[in-house]
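Because only heavy atoms are used, hydrogens play no part in the values below, and waters and symmetry mates are left out as well, while side chains stay in. Chain identifiers are assigned alphabetically (A, B, ...) following the order of the sequence lines, protein sequences preceding nucleic acid strands; residue numbering begins at 1 within each chain.
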There are 2 protein chains.
Amino acid sequence: MAVSPFFRSQKDRAPAGAAMSGPEAEHRVVQVIVEAIMDHRVAPGARLIERELAIASGASRSAIRNGLMRLAHAGLVELSPNKGASIAMCSPDEARQIFDARIVIETAAVKKLAGTIGEGELERLRAFVEDEREAYERGRMEDARHLSRRFHVLLAEMAGNDVLTGVIRDLINRQPLLSWSRPETEPRFCGNHAHSEIVEAIASRDGERAAHLNMEHLRALERELGAERAAAMQELRSAQAADGPDGNARQADESPVVD
Amino acid sequence: MAVSPFFRSQKDRAPAGAAMSGPEAEHRVVQVIVEAIMDHRVAPGARLIERELAIASGASRSAIRNGLMRLAHAGLVELSPNKGASIAMCSPDEARQIFDARIVIETAAVKKLAGTIGEGELERLRAFVEDEREAYERGRMEDARHLSRRFHVLLAEMAGNDVLTGVIRDLINRQPLLSWSRPETEPRFCGNHAHSEIVEAIASRDGERAAHLNMEHLRALERELGAERAAAMQELRSAQAADGPDGNARQADESPVVD
DNA sequence: CAAGTATAGATTGTTGACAATCGAAACTGG
DNA sequence: CCAGTTTCGATTGTCAACAATCTATACTTG
């Protein structure tokens with residue numbers, strides 16, 4: 001392995017003078033792995049070897065271990081005893097459950113929001129959607145995807161229930177695990193227009209409509225990711241047939257990034 | 001501290017001879033602490049000292065540490081850096097959020113259940129409620145409280161969404177933290193009649209009614225716990241003047257299993 | 001040649017000791 | 001007598017080495 005998919009530049013590593021210990025290191029490791037998953041630099045199923053991560057990040061193995069445990073709690077990595085950690089893989093059934101759960105919780109959030117939101121927060125929502133649109137139109141796809149996901153978290157936050165907000169945040173963070181193809185061809189981010197419609201439905205105090213729009217929006221996203229997933233598996237299958245009997249020659253060689 | 005509130009009998013400790021290492025130890029530690037919270041043997045805010053737990057349980061400090069991290073993620077203990085772990089304390093606002101979250105999720109579960117439940121599962125629900133009633137009438141209050149909480153988890157399980165079931169389970173496990181008075185006077189467990197009514201509403205495919213009944217049931221429980229909490233704080237305040245050491249001579253013969 | 005098996009390398013899990021940090025009691029000076 | 005400071009015990013956080021376990025390769029044998 002020439003370079004880790006997590007820590008690519010020296011800048012990412014700890015500053016040469018500070019050894020970076022403590023919860024700071026752990027938090028940074030978690031952050032870096034989450035970002036790598038978000039940007040599809042690592043594929044689900046990829047093994048996460050503690051010592052490699054420790055060397056690459058400059059942190060101790062203990063910090064890595066704690067970080068991996070935290071990520072496992074969030075559902076982003078799977079820990080099997082004596083076998084190590086790997087990026088979590090979501091079965092189609094799990095994917096369905098995740099979207100169903102999001103619909104249940106976000107529906108409640110949006111309905112409540114339609115009844116209680118103030119003018120200031122409404123303006124903040126509109127500004128957010130505008131930022132999304134701008135990022136999209138300027139071709140900053142990474143930012144657009146990030147903001148697009150963040151939008152749903154923002155809705156939950158505004159609804160004022162920290163418990164449910166935490167659940168929503170975790171579920172949204174797992175989204176990159178649902179389709180594990182790289183979004184090169186076309187950016188898979190929530191349609192900006194849908195977000196705008198939802199905000200306007202909230203603005204007109206029509207909770208039912210806002211909830212319905214959000215649900216359809218999520219269902220559409222689920223279908224898209226399902227199609228992507230199917231395409232990726234199809235591609236993988238044909239690649240396996242062409243490669244010969246050795247199916248996982250891909251992992252041994254370089255980074256487990258699908259490119 | 002003469003004896004730990006967690007590990008009181010030698011039977012609770014590791015079997016003499018087997019050093020009990022690995023994830024087994026961690027899981028057992030988690031189990032034991034959860035049960036102690038459930039039975040109100042420890043009060044919210046109580047400090048959890050790693051070395052004490054390690055000695056009392058016979059597990060290593062690392063296992064204790066991992067267990068505490070897991071409990072912290074479940075919201076049962078609070079971890080503050082360099083200051084250690086303590087049983088979590090729920091503010092009144094958090095309590096409200098927990099119940100609101102339960103209402104949101106359980107409402108969805110119950111509605112779905114009313115539409116899809118089969119005859120076999122219905123029978124299982126009825127048998128469960130019957131077990132509850134029996135435990136209550138025979139004065140097995142520990143079992144009754146346990147079954148009473150378990151009922152709501154069962155509803156979530158039957159709805160078929162593991163993500164939401166996990167959330168519900170965590171939220172219900174936090175219930176003993178909401179009112180931290182000892183349930184000596186009268187068992188605070190969900191009214192059995194309410195559960196029966198909910199099951200019958202589900203049986204008649206009336207999801208709206210079942211959801212409404214469950215919501216009112218939860219609201220009533222929230223009010224009860226709130227009142228208990230207020231009483232406990234009042235009692236605590238007056239007990240501060242006169243020294244009142246709690247006699248923890250309470251014996252729990254057999255603790256219910258906690259998932 | 002195939003199938004099962006021994007072996008070696010790599011990786012995780014655990015332990016105990018050490019360093020960093022915190023809280024509180026004792027101490028000092030005004 | 002009180003405020004501030006210092007010191008000390010206790011507790012958490014970190015680390016590196018060791019033991020247990022797994023995976024994959026090479027090997028033996030029918």
Between [X] and [N], does any side-chain N or O lie under 4.0 Å from OP1 or OP2?
| X | N | answer |
| --- | --- | --- |
| A/Ser60 | D/dT14 | no |
| A/Arg65 | C/dT12 | no |
| B/Lys83 | C/dT21 | no |

Nearest-Å distance, [atom1] ([X]) to [atom2] ([N])?
| X | N | atom1 | atom2 | value |
| --- | --- | --- | --- | --- |
| A/Ile64 | C/dT11 | CD1 | P | 15 Å |
| A/Leu53 | C/dA10 | CG | P | 18 Å |
| A/Arg51 | D/dA17 | CZ | P | 12 Å |
| B/Ile49 | D/dA10 | CD1 | C1' | 9 Å |
| B/Glu50 | D/dG13 | CD | P | 6 Å |
| B/Leu48 | D/dA10 | CG | C1' | 16 Å |
| B/Asn66 | D/dT14 | CG | P | 14 Å |
| A/Asn82 | D/dT23 | CG | P | 9 Å |

**OP:** Output all residues satisfying salt bridge (Lys or Arg N to Asp or Glu O under 4.0 Å) with B/Arg51, sequence neighbours left out; order by chain, then residue number.
**Re:** none
Original post:
Can you say whether the rings of B/His73 and A/His73 are parallel (under 30°), tilted (30 to 60°) or perpendicular (over 60°)?
Top reply: parallel
Subject >> A/Arg61 side-chain proximity, nearest of D/dG13, C/dG13, D/dC15 >> reply: C/dG13
Original post:
Going by atom types alone, do A/Gln175 and A/Arg102 pair a side-chain donor with an acceptor below 3.5 Å?
Top reply: yes
Original post:
Out of curiosity, B/Ser62 OG to A/Arg65 CZ, how far, rounded to the nearest 0.5 Å?
Top reply: 9.0 Å
